[in-house]
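Okay, so here's the structure we're looking at.
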Protein chains: 2
Amino acid sequence: MPKHYDPEKCQTVSEMLSRIGDKWSVLVIMMLGDGPARFSDLKRAVVGISQRMLTLTLRALERDGLVRRTVYPTVPPRVEYELTALGQSLREPIQAMGGWVFANHDKIHAARAEFDRRNDAERADQKIIKLG
Amino acid sequence: MPKHYDPEKCQTVSEMLSRIGDKWSVLVIMMLGDGPARFSDLKRAVVGISQRMLTLTLRALERDGLVRRTVYPTVPPRVEYELTALGQSLREPIQAMGGWVFANHDKIHAARAEFDRRNDAERADQKIIKLG
DNA sequence: CAGGATCCCGGAAGATACTG
DNA sequence: CAGTATCTTCCGGGATCCTG
């Protein structure tokens, strides 16, 4: 088991993490997991996304080889997006993350509640000290 | 297999994805994977992080119950950070992502090169059209 | 040593308008 | 329909200074 990793690959890991960590990429990937979809389909399915961000997200996914964009030269224009084999394969680690969150959802929220509770108490103490 | 998911849990998935997708969290988690570390250890180990961002990152991880913060009331103060069991368990899906990137690193970069090549060619065409 | 408090800047992202 | 262009707003994050 190697202790050192290729720095370039590590950087690519960071890049992909921030990609799937951004606001829309995962949602788009999951939508496309059901099969090909047109631009407006995605726009409607991914609630809250602006057409600008949908375009940018799709372009980035296409650039990384995760999504294939097919233009049908009809009028009005018809553009279909679908996951490539690479994009499909990415769904596995993503769903692993999703599964982890679903499994630990309650622990996470309990921890947050506990943390916030302690923090509030601490600030109340500070107030008393300053007032005293 | 359910077709609908708890919206609250889906939101938590997004939250955790943007957490591990941020610039520093994963690096900190991986550093702590080797065992407990002090603030300055992490500051030195995670090259490039400012003490402000290290603090914010650690606080966020602590709030989600991934990291435990222990203060030793000595002088000078000594604070140790370590992964909780929950934090340890998160390393699995993270490494799944990392493994995927390592396995597909070449495909990704090939796709990017291809995409950029096509884009450049396209823009060159546009130029010719406008000049003509 | 381990942070808290401020200031500040660049880039991410939303809103809007226009187009092939 | 499927975008592009532009403007503006917002916030992540770095730099710096201060403190128990």
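Residue B:R19 has no polar side-chain atom (N or O) positioned under 4.0 Å from OP1 or OP2 of D:dG12. Dashed line: the shortest gap from a side-chain N or O of A:W24 to OP1 or OP2 of C:dG14 is under 4.0 Å.
Atom CG in A:L54 sits roughly 14 Å away from atom C1' in D:dT4 (whole-Å rounding). One interatomic measurement links the two molecules: CZ of A:R59 to C1' of D:dG3, which rounds to 8 Å at whole-angstrom precision. Atom P of nucleotide C:dC1 and atom CD of B:E80 are separated by 15 Å, given to the nearest angstrom. In this structure, CD of A:E62 is placed 13 Å from C1' of D:dG3, rounded to the nearest angstrom. Distance, A:L42 CG to D:dG3 P: 10 Å, rounded to whole Å. Going from atom CG of A:L56 over to atom P of D:dT4 covers 9 Å, rounded to whole Å. The interatomic distance linking B:R69 (CZ) with C:dG3 (C1') rounds to 8 Å, in whole Å. Distance, A:L58 CG to D:dG3 P: 8 Å, rounded to whole Å.
To the nearest 0.5 Å, atoms OG1 (A:T57) and CZ (A:R59) are separated by 11.0 Å. Separating the OG atom in B:S50 from the CG atom in B:L56 is a distance of 8.0 Å, to the nearest 0.5 Å.
A:R19 has no carboxylate O lying under 4.0 Å from a charged side-chain N of A:E15, or vice versa, which leaves the two without a salt bridge.
When distances run from any side-chain atom of B:M53 to the nucleotides D:dC1, D:dG13, D:dT4, the shortest one goes to D:dG13. The listed nucleotides are D:dG14, D:dC1, C:dC1; the one nearest the side chain of B:K23 is D:dG14. Distances were taken from every side-chain heavy atom of A:R52 (C-beta onward) to each of D:dT6, D:dG14, C:dG3; the shortest belongs to D:dT6.
The closest side-chain heavy-atom distance from A:V67 to A:L83 is below 4.5 Å.
Projected onto DNA chain C by closest heavy-atom contact, B:T55 and A:P77 fall at different nucleotides, the more 5' of which corresponds to B:T55.
Atom CD of B:E92 has 12 or fewer neighbouring heavy atoms from other residues, nucleotides or ligands inside a 6.0 Å radius.
Between the side chain of B:Q51 and the base of C:dG4, a donor-acceptor pair under 3.5 Å is found.
Backbone-only engagement by B:Y81 is indicated by non-hydrogen atom pairs under 4.0 Å involving sugar-phosphate atoms exclusively.
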